[in-house]
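Counting starts at 1 for both ligands and their atoms, following the listed order. Side chains are part of it too, since the values below use all heavy atoms of this structure and drop only hydrogens, waters and symmetry mates. What you are looking at is a predicted structure, and each value in this text was computed from that prediction instead of being measured.
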Amino acid sequence: MRDYTKFYIDGAWVDPAQQKTLDVINPATEAVAGVISMGSAADVDKAVRAARKAFATFSQTSREERIDLLERIIAEYQKRFEDMAKAITEEMGAPAWLAQRAQAAMGIGHVQTAMAVLKDYKFEEDRGTTRIVKEPIGVCAFITPWNWPVNQIACKVGPALATGCTMVLKPSEIAPFSGYIWTEILHAAGVPAGVFNLVNGDGPTVGAALSSHPEVDMVSFTGSTRAGIEVAKNAAPTVKRVHQELGGKSPNIILDDADFQKAVGGGVASVMLNSGQSCNAPTRMLVPGKRMDEVIAIAKAAAEAHTVGDPNGNHKMGPVVSETQWNKIQGLIQKGIDEGATLVTGGPGRPEGLDKGYYVKPTVFANVTNDMTIAKEEIFGPVVSILGYDTVEEAVTVGNDTEYGLAAYVSGGDQGEVRKVASKLRAGQVNLNGASPDLMAPFGGYKMSGNGREWGDHAFGEFLETKAILGYSAKVAAE
Ligand code: NAD
């Protein structure tokens, strides 16, 4: 049982302004795994003021000092790696292998990329007599979700520290353990007081207070489109920069000459990873309609190869994060059946023998049309929708026929054709033929999937202001 009731403000663990707590549930057991405090506007104000005070000094640190700081964070993270992975499994149910190899690994990966980028990043540029400088934007507010909890924290905090910003983090109240351990790591690494602050709590209270606080210069939000819109509205009166990483309903176009075993099987596996709780999951699989039967057979086998069970056991899939999500997913699976899609495997209810824990059957629907709810709404569960197309042009049109634009996937034998299709897709990241993730590649959405980009060097831009200094070079001016 974890007692995580303190907040971290101005370099110290402190009590919240008011006593209000929330139990954190382990989704594999439905038992209480720990308790956090639910913060208030007063806690946010205290944390933001600490960050503002620290900004005066931290913004003036040298590149070398910040590289040194990131190096110390990486070293401390390595010491706590196992703790981090365990906390993630406990708070959101990721199987131990996934928590280690992907979830916890990406947390450290983003700090490593921020450090690598910082080594050569160009903060100044001279054009004639004008110097253009990139300066840290100031105090940042970070609001993060539960699905890849430390990945989403690290991809904001890493580049924010690298650019000389100070910050306040509010992790998801559903999966707050990893954020607490993250904070302990930063403390152990000697992050100066006030540079990084942690306040736990819910969205409408702490999230809203952060979004609207006049001393916050930018807010970076990852979560649902619904909450992202709230954040932008709350941020508008103080004209702060708003960065949003929101939902997705990504198309996965499989061309006729693709390696179907690899593309269909890999597509299904990508959705099932993390129990379907990834914003960039390729949930709408578009396949040549004439080959639907073949696709169904491969997809069925791939889904059924996903064993579901105790995340500390040897299973491919753990539970989904909460009862709320379980109910939402069940409702959408039922909608798929009611609206006439073909249920290939899985379906409503719990997998056999799993009476406790929020487990969902790996589910595949075929003969889905793009007007069905399961083709339109983000399910955020292990559910694949397979749609048939007649022409590649139609596949592209249907692929783009969504309010989202986070990711897209294309597979095919002819690289020229694959690239041509990719160029027509309105999405922030297009993956060709099952390419591996790239932490240096910009990550973010078109349309209602968000604004701005995270990861690698592109992330730095979110945390920098641009200043043009005219008449900077007296020598050139005199000529
Ligand atoms: P959520 O929007 O409910 O919560 C995300 C965070 O926002 C939490 O910390 C929550 O407390 C806070 N929040 C909620 N309401 C708020 C408000 N009114 N003001 C300020 N903060 C508020 O989302 P979730 O259920 O935790 O996460 C799932 C969603 O996140 C999915 O839609 C998924 O696609 C999206 N997501 C997107 C990305 C991306 O990079 N695009 C990554 C991961 C998750």
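If you check the side chains of Thr373 and Glu339, you find a donor sitting under 3.5 Å from an acceptor.
Rounded to the nearest 0.5 Å, atoms CD (Glu378) and OG (Ser250) are 8.5 Å apart.
Relative ring orientation between His187 and Tyr8 is described as perpendicular, the plane-to-plane angle rising above 60° on a 0-90° scale split at 30° and 60°.
Here the options are Ile143, Val150, Leu198, the test is side-chain contact (heavy atoms from CB on, under 4.5 Å), and the partner is Pro171; only Leu198 passes.
Contact check on Arg241 versus Glu465 returns a salt bridge, with a Lys/Arg side-chain nitrogen under 4.0 Å from an Asp/Glu carboxylate oxygen.
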Pairs under 3.5 angstrom, nitrogen or oxygen on both sides, ligand 1 versus protein: list them out, please.
from     : atom 1 : to     : atom 2 : distance (Å)
ligand 1 : 2 (O)  : Ser224 : N      : 2.8
ligand 1 : 2 (O)  : Ser224 : OG     : 2.6
ligand 1 : 9 (O)  : Thr144 : O      : 2.7
ligand 1 : 9 (O)  : Lys170 : NZ     : 3.0
ligand 1 : 11 (O) : Lys170 : NZ     : 2.9
ligand 1 : 11 (O) : Glu173 : OE1    : 2.8
ligand 1 : 11 (O) : Gly203 : N      : 3.4
ligand 1 : 23 (O) : Ser224 : N      : 3.4
ligand 1 : 25 (O) : Trp146 : NE1    : 2.9
ligand 1 : 26 (O) : Trp146 : NE1    : 3.0
ligand 1 : 30 (O) : Gly223 : O      : 3.2
ligand 1 : 30 (O) : Ser224 : N      : 3.4
ligand 1 : 32 (O) : Glu378 : OE1    : 2.6
ligand 1 : 34 (O) : Glu378 : OE1    : 3.2
ligand 1 : 34 (O) : Glu378 : OE2    : 2.5
ligand 1 : 40 (O) : Glu245 : OE1    : 3.4
ligand 1 : 41 (N) : Leu246 : N      : 3.1
ligand 1 : 41 (N) : Leu246 : O      : 2.6

Under the salt bridge (charged side-chain N to carboxylate O under 4.0 Å, His left out) criterion, do Arg52 and Asp217 qualify, and how do the steps go? CA-CA 10 Å; Arg52 172 59 60 200; Asp217 298 292; 2.7 Å; yes
